[in-house]
Amino acid sequence: MIQYNIALIGFGGVNRALAQMIAENNDRWNAELGLRLNIVAVTDLHLGSVISPNGIDARLLVETKFARGGFAQLSGGSAEADNEKVIKQAPADIVVEATFTNPVDGEPAISHCRWALETGKHVVTTNKGPVALAAPELKSLAARHGVKFEYEGAVMSGTPVIRMAQRTLAGAGLHGFEGILNGTSNFVLGRMEGGLGLEESIKEAQDLGYAEADPTADVEGHDVRLKVVILANELLGGKLTPQDVACNGISGLTAADIDAAAREGYRWKLIGSASVSGDGGIAARVAPQRLPLDHPLAAVGGAVNAISFKTDLLGAVTVTGPGAGRVETAYALLSDIIAIHQSRPSANKKEAA
Ligand SMILES: NC(=O)c1ccc[n+]([C@@H]2O[C@H](COP(=O)([O-])OP(=O)(O)OC[C@H]3O[C@@H](n4cnc5c(N)ncnc54)[C@H](O)[C@@H]3O)[C@@H](O)[C@H]2O)c1
Ligand SMILES: N[C@@H](CCO)C(=O)O
């Protein structure tokens, strides 16, 4: 059995869900995978920070109602969120970055990832900023320090599309994709079809843990734009920045637009897409589209996402699954940790033997 010490950066919906999973599943993971997770540090802008080299009881972390600065009440705790100290000094093997996504410059999450990798710690993250805006730098930093930078949850939360496409569509001639890549806007469109207003629908998505800290990123398409950049760069060999992706969200759609589409046998969906063009460039965009009801993406409802990969050898390969949600996204972090566990040299030696 290998025990991984982990540091949680940000203690909002996703990292809390991971702590809850740890409280409930360590014994099963040990039996099935030969690993256990031990939380040795947590930091959060509002709650403060705590380092506890022997481990913090995960159940206590999720069950205690901490007030602002409340980590000060824990042994080794402080009311200040000293992220740099926690990331550099905590005895963690893996840093779990789940602070808010900054779509403009990716900070402070990019710095969090840099500090972790530079001090020889693996990083797993659901934060789209570092992946969309600094992946080449962070991957090369990870390689230089002999650690991993993993980010499966940055696109379609727990639905494993990045690793799946990289590993199991290798050689199939992947040349494009289109998909529903934002759970909040898809949920909101469905609620508006049912007669609810935009603001009330967004509020529901926030309460369910789907929306970004600033839900403008969801409804204006900025979140999908980051995901299109990530997928185009990871899977199509692009070097896109968000500025390369034309972007329109759903905020301009009215109840009348939605009703008219329904009467005419269509449904509005926010679609992110990219494709390799004849000259080898990549054309990418985010826009609401009116899809006929028999289109494979038209039936995808709620916070579910779907992506259709375009390949030479298989035609379209469509994957659908959760696109947002606290537990669903925490699962992506677990899947990244398992990937790190399974890629350790001794695991590979065992497989080869
Ligand atoms: N919730 C989802 O469905 C989902 C899905 C995929 C990806 N993500 C991404 O995962 C990340 C976390 O999402 P979440 O739903 O837990 O968000 P959240 O808003 O619930 O939690 C974020 C936490 O980070 C803390 N924080 C913000 N800035 C910080 C800083 N500088 N230092 C320390 N803590 C800081 C906040 O206080 C908050 O508790 C985001 O980047 C989000 O885009 C979320
Ligand atoms: N706010 C995002 C979270 C997943 O990245 C969404 O609704 O899809």
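The residues of the chain are indexed from 1 along the displayed sequence. Just so it is clear, the values below take in all heavy atoms, side chains as well, and ignore hydrogens, waters and symmetry mates. Counting starts at 1 for both ligands and their atoms, following the listed order.
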Is there a heavy atom of G325 sitting under 4.0 angstrom from any atom of ligand 1? yes
Examine the proximity of ligand 2 to A211 and report which part, side chain or backbone, both or neither, has a heavy atom under 4.0 Å away. backbone
re atom 13 (O) of ligand 1, the protein heavy-atom contact at minimum distance is V14 CG2, 3.6 Å
Does atom 3 (O) of ligand 1 have any protein heavy atom closer than 4.0 Å? yes
Closest to atom 8 (N) of ligand 1 by heavy-atom distance, out of L18, L8, T126, V86, is T126
Of all heavy-atom pairs linking K269 and V300, the shortest is NZ-O, 2.7 Å
Does a side chain donor of either S308 or E178 reach within less than 3.5 Å of an acceptor in the other side chain? no
Under 4.0 Å to a heavy atom of G323 - the qualifying atoms of ligand 2, by number: 4 (C), 8 (O)
How far is atom 12 (C) of ligand 1 from its nearest protein heavy atom, and which residue and atom is that? A98 O, 3.4 Å
I would like to know whether D93 and H122 meet side-chain hydrogen bond (donor to acceptor under 3.5 Å, both in side chains); could you show each step before the answer? CA-CA 6 Å; D93 306 299; H122 303 289; over 6 Å; no
Just which atoms of ligand 1 are under 4.0 Å from any heavy atom in A324? 3 (O)
Can you tell which of T99, L45, D44, L333 gets a heavy atom nearest to atom 25 (C) of ligand 1? D44
Looking only at heavy atoms of E212, does any of them come nearer than 4.0 Å to an atom of ligand 1? yes
E212 heavy atoms, cut-off 4.0 Å: which ligand 2 atoms fall inside? 1 (N), 2 (C), 3 (C)
Considering only heavy atoms, does D218 approach ligand 2 within less than 4.0 Å through its side chain, its backbone, both, or neither? side chain
Any heavy atom of I9 sitting closer than 4.0 Å to ligand 1? no
At under 4.0 Å between heavy atoms, is it the side chain or the backbone of L47 that contacts ligand 1, or both, or neither? neither
Checking contacts here: is it the side chain or the backbone of P108 that comes within 4.0 Å of ligand 1, counting heavy atoms only? Could be both or neither. side chain
